Amino acid sequence: MVKDKKTKPSKELPLGFIDREEKELLIRDFVISNIKEVMIKYGFQYLETPSFEYTDSIGKFLPDKDRPDQGVFSFKDERNWLSLRYDLTAPLARYVAKNYMELPKPFKRYQLGTVWRNEKPGPGRFREFLQFDADVVGTGNLQADAELCVLISEILEKCGLDVKDYTVKISTRKLLDDLFKNLKITSREQSLTTMRALDKIDRLGWAEVKKLLGKGRKDKSGDYTKGANLTNDQIIEIESKLNKKKTDMEDIKEILSIFEAYNFKNYEYNPTIIRGLEYYTGPIFEVNLNFEVKNLKGQIIQFGSIGGGGRYDNLVSNFGNLNCPATGISIGLDRLVFALMQKKDFKLETSRPVVICVFNTTKTKEYVQILKKLRSSNISAEIYPGEGKLKKQMEYANKIGSPAVILYGDDEIKTGNVTLKNLETGNESSIKIEDLANEIKKIV
RNA sequence: GCAGCAGUAGCUCAGUUGGUUAGAGCACUAGUUUGUGGAACUAGGGGUCGGUGGUUCGAAUCCACCCUGCUGUACCA
């Protein structure tokens, strides 16, 4: 190979993409196994759809542009624009529309999958991440919405969170719809800006949000955000409506009564939950963590919610004349794992291999015999996978966290025993090969 | 997108108002120990000082633009 400095490939990763190492992956596996268990218990089917979809089937269109609408990663094959999915809900709607006749109604499915977003990454947010989705399609019954909240809560607690570590907040999009109607806020742009402003109450508080509802707001970095230009009266009306602790919204009352039947208490009715998406039509929910999360530099960051969802009764009908109500919830798994790692000290079974040291390459046959004996007893083991002095082999074993090394050199071969060295205590003992597996199990 | 801060060895960072051959700790390699890890000591390798252009006799240091990272903000189907 020609080595030319100028053509050396970059070892940096593309913006917003990261390597994930074993500790995180093991915790992720743990979370996933909890999810699967709970989903089976609640009667959901497992589904996988492809990473790519036709751009227009996941709700992105490209009229005369060189590139499809920003936010997605896209490319054009011979005929069509394809995009990497940006969530699992849009592909589900497509799947349901495609298989409508065959599917049970309602159709309950869950899905785990990587999604991609072509946007600026933030703290704990990347351009590639793992999402978990649970949806109930084909019923308007609010039992489905309620059960999604209960199920998310069960998953979180199974993963080790305490009741006070998280809150499921619920509200309904109908509340805003009514409010906008009464206040005669009809322009789409104004209502969208209002919704986005209200979505920030948790983070900014009412005083700042009121600026966003009015003329606009300058944040502490000096950036200025244009407001929704509502009148004072309108703002006051919104604040008083959204500050009510009790609700007269029918769908919320119904869900709360279902929660009671389930004896589910860890929710909070919070009319300031908005969720930016336009497609929601009914109850909406959001899952928030109640503890501080730090980044790798130890700074406390604005972590936001780890997931949420709601009812989207019109999404499937985009594909045709299907009247197909639906509701769903998504969790950002990587973010959940990131937070869990800080909250709990996971003792994960990562059994590292026992290392059989190599003294003499002509003894490979003997080493392999020992190796096979250990592996057949279900002990993680390996012959030192390199070459070098014993010291180097010991350093290797130490570095990978091996519990013990096995020495089988000329001295041992004479006696027929092997030397087992416990790397934690440093003790060495001479052991018959037949007893080796049992002795190691005492250490591991 | 906007704003603030940052980018010097694999990692964390120092580098005085611009001045020889750019440093430290950790990590790595070898040795002190040719069959013994975590500790110590000795030696060694490793940098176009994020990039490009400019100012200057001379730039890691000053200026401009760009790239990347962090944080906030905006957007987020």
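Bear in mind the structure is a predicted one, so any value in this text is a computation, not a measurement. Convention: sequence-line order gives letters A, B, ...; per-chain numbering from 1.
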* Passing candidate, ring-ring contact (aromatic ring centres under 6.0 Å, His included) with A:Tyr110, options A:Phe44, A:Tyr42, A:Tyr46 -> A:Tyr46
* Asked: For atom C1', what is the distance between B:rG54 and B:rU61, given to the nearest Å?
  -> 15 Å
* Quick one: which of B:rC76, B:rG37, B:rA74 gets closest to the side chain of A:Leu423? -> B:rG37
* To do: Could you tell me whether the side chain of A:Gln393 has a donor or acceptor atom within less than 3.5 Å of a complementary atom in the base of B:rU36?
  => no
* Structure fact -> note: A:Arg275, atom CZ; B:rC75, atom P; distance rounded to Å ~ 15 Å
* Who does B:rC11 pair with, Watson-Crick or G-U, both distances under 3.5 Å? -> B:rG25
* Asked: Could you give the CZ-to-P distance, from A:Arg117 to B:rC76, as a whole number of Å?
  -> 12 Å
* To do: For B:rU73, take OP1 and OP2 only and decide whether either is under 4.0 Å from a side-chain N or O of A:Arg217.
  => no
* Structure fact -> When rounded to whole Å, the CD1 to P distance for the pair A:Ile400 and B:rA27 reads 18 Å
* Rounded C1' spacing from B:rA60 to B:rU48 in Å -> 12 Å
* Structure fact -> Of the candidates B:rG37, B:rC75, B:rU71, the side chain of A:Glu395 sits closest to B:rG37
* Structure fact -> Nearest heavy-atom approach of A:Tyr280 to A:Gly309 is OH-CA, 3.5 Å
* Of A:Tyr408 and A:Tyr86, the one whose closest RNA chain B nucleotide lies more 5' -> A:Tyr408
* Separation of A:Glu119 atom CD from B:rC2 atom P, in whole Å? -> 17 Å
* Asked: Hey, does the side chain of A:Lys399 come within less than 4.0 Å of B:rC28's phosphate (OP1/OP2), counting only N and O?
  -> yes
* Round to the nearest Å and state the distance from A:Leu407 atom CG to B:rG35 atom P. => 12 Å
* Asked: A:Lys200 has a side chain; which of B:rG37, B:rC75, B:rG35 sits nearest to it?
  -> B:rC75
* To do: Evaluate the ring planes of A:Tyr367 and A:Tyr408, with Trp represented by its six-membered ring, and classify them as parallel (under 30°), tilted (30 to 60°) or perpendicular (over 60°).
  => perpendicular
* Please state how far atom CD1 in A:Ile274 lies from atom C1' in B:rC75, giving the value in whole angstrom units. => 17 Å
* **Nearest-Å distance once atom C1' is located in both B:rG15 and B:rU71** => 26 Å
* Separation between the C1' atoms of B:rA9 and B:rC49, rounded to whole Å -> 10 Å
* Asked: Taking the C1' atom of each, how far is B:rA14 from B:rC76, in whole Å?
  -> 42 Å
* How far does the P atom of B:rU55 sit from the matching atom of B:rG45, given to the nearest Å? -> 37 Å
* To do: Could you check how far NZ of A:Lys389 sits from C1' of B:rG31, rounded to whole Å?
  => 8 Å
* Structure fact -> Taken to the nearest whole Å, CG/A:Asp199 to P/B:rC75 is 9 Å
* Salt bridge flag under 4.0 Å for residues A:Arg275 and A:Glu286 -> yes
* Structure fact -> Side-chain contact check for A:Pro123: nearest option of B:rU71, B:rC76, B:rU73 is B:rU71
* Rounding to the closest angstrom, what is the interatomic distance between B:rA74 and B:rU16 at atom C1'? -> 41 Å
* **Ion pair A:Glu189/A:Lys226, N-O distance below 4.0 Å** => no
* Asked: When you measure from the side chain of A:Thr167 to the backbone N and O of A:Lys169, does any donor-acceptor pair fall under 3.5 Å?
  -> no
* If you check every side-chain atom of A:Lys120, which of B:rA30, B:rG35, B:rG1 has the closest atom? -> B:rG1
* Taking for each residue the nucleotide of RNA chain B bearing the nearest heavy atom, is the 5' side occupied by A:Arg125 or by A:Leu15? -> A:Leu15
* Structure fact -> Given the options A:Thr327, A:Thr281, A:Asp145, A:Arg311 meets side-chain hydrogen bond (donor to acceptor under 3.5 Å, both in side chains) only with A:Asp145
* Nearest to the side chain of A:Arg203, which nucleotide is it out of B:rC75, B:rG35, B:rU73? -> B:rU73
* **P gap between B:rG10 and B:rA27, integer Å** => 16 Å
* Asked: To the side chain of A:Lys391, which of B:rG37, B:rC76, B:rG35 is closest?
  -> B:rG37
